[in-house]
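A short write-up of the structure that comes next.
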Amino acid sequence: MDNLLKKLGWNAFFGKHFRDYVGLYEPARVSTVYKNGYNVYTKDGEIRARISGNLRQKEHLPAVGDWVAISKDEIGSATIHVILPRKSKFSRKEAGKVTEEQVIVANIDTIFIVTSLNRDFNLRRIERYLAIANEKGAEPVVILSKSDLCKDVNNKINEVVEIAPGINVVAISATENDGIEQLSPYLKDGKTVALLGSSGVGKSTLINSLEGYKRQNIGKIREKDSRGRHVTTERELIMLENGGLIIDNPGMRELQLWDAGEGMLDLFSDIIELEMQCKFSDCSHETEPGCAVKNAISDGSLSEKRLESYRKLQREIQAVERKKNPKLAEKKKWKDIKKMAKEIKKIKKR
Ligand code: GDP
Ligand code: ZN
């Protein structure tokens, strides 16, 4: 196996799916998606690429992080013929459209959920990100950034650990170079990390400090825009000097709740277990007798706030589900997450 390909994340899984194309095409990984083309890493370096006419006919387009099968032309650019199966993916509802799945990034091992320890710090938002990240086949890690601006870092860490059981929570300061070493287990050769977090929380600063050199000088690609002017675009899949790959994609910042249903099941498993003990299977936990959720709130084992964030997330997911499948939503008004999760599974199987 070629060493650079390995560094890029090539492994037996993709090798197996590439078997039919050996001798015909060569493997490459998509590093940037433009309006009218792609950049891909090959075993010989990064080159421009476009998709074949055949691939254009198909519904799915390459996303950042995808492994693809390419051919090269005489002038050194590439044509993408095949998208290899994805090990994991993040997708969203296409802006404006009713519900078309758009894959934003693919083949991620770890997802860094970044929130800063100053004004941006918000447990509800972290919960939402966790629900988005949970079921994607990538391990979520919560990164609390700008620790230099916070006086009670340990309290904040504990608050997050409470809402994110079993998930690694680390505090860092990218500007003070503090705590960054805690990220090294995730930044190994061939391992891909994607960043999720609002604008301004310090994602680019973190990448700069990980890269060991300034991204401004090296991470930008010059390309011509539609009028032929040179513009610079940030490369989205970045190979780090000390191993590992990191994806900072603007689309991740706008991620909507898509397919978060199952992630939510994990995140709020304590409430869902309580719900299963309610006397009535369609209990709304308002006024019904024999309500295990109400009981847990009165004995203090469940907080009102946690129940409220569960409900809020549930409403948001239902809104997305309704858009995805209006007919189903019309026929049925989902009362609880368990029923909804079953429906989601059925839809997925179809
Ligand atoms: P992004 O939008 O998430 O990529 O955020 P940036 O990396 O552009 O950072 C936004 C602002 O936060 C910039 O002014 C950074 O200098 C600042 N910043 C980033 N990391 C830190 C940090 O660890 N500590 C402090 N005090 N400021 C930071
Ligand atoms: Zn109940």
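Everything quoted here is computed from the prediction, not taken from an experiment. Indexing begins at 1, ligand by ligand and atom by atom, following the structure's order.
In this structure, the ring of Trp10 has its center less than 6.0 angstrom from the ring center of Phe18.
Among the atoms of Lys146, some N or O lies under 3.5 angstrom from an N or O of ligand 1. Annotation: Asp148 places an N or O atom under 3.5 Å from an N or O atom of ligand 1; distance criterion only. The distance criterion of under 3.5 Å between nitrogen or oxygen atoms is met by Gly202 with respect to ligand 1.
Counting the atoms of ligand 1 from 1 in the order shown, those under 4.0 Å from a heavy atom of Leu149 are 26 (N). In summary, the atoms of ligand 1 found under 4.0 Å from a heavy atom of Lys203, numbered by their order in the structure, are 1 (P), 3 (O), 4 (O), 5 (O), 7 (O). For ligand 1 and Val201, the ligand atoms under 4.0 Å from any heavy atom of the residue are 3 (O), 5 (O).
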inquiry  = Walk me through whether Lys72 and Asp44 qualify under salt bridge (charged side-chain N to carboxylate O under 4.0 Å, His left out).
reply    = CA-CA 11 Å; Lys72 283 182 183 157; Asp44 310 310; 2.8 Å; yes
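If you put the vertex on the Zn ion (ligand 2), ND1 of His285 and SG of Cys283 sit 100° apart, to the nearest 10°. Computed with the Zn ion (ligand 2) at the centre, the Cys291 SG to Cys278 SG angle is 110°, stated to 10 degrees.
For the residue pair Thr192 and Arg29, a side-chain donor N or O sits within less than 3.5 Å of a side-chain acceptor on the partner. Between the side chains of Ser309 and Glu127, at least one donor N or O lies within less than 3.5 Å of an accepting N or O. Side-chain contact check for Glu46 and Ser31: at least one donor-acceptor pair (N or O, by modelled atom type) lies under 3.5 Å. Side-chain contact, Asp148 with Ser173: a donor N or O sits under 3.5 Å from an acceptor N or O.
The closest approach between any non-hydrogen atom of Ala174 and ligand 1 is below 4.0 Å.
Side-chain atoms of Ser88 come within 3.5 Å of backbone N or O of Ile108 as a donor-acceptor pair.
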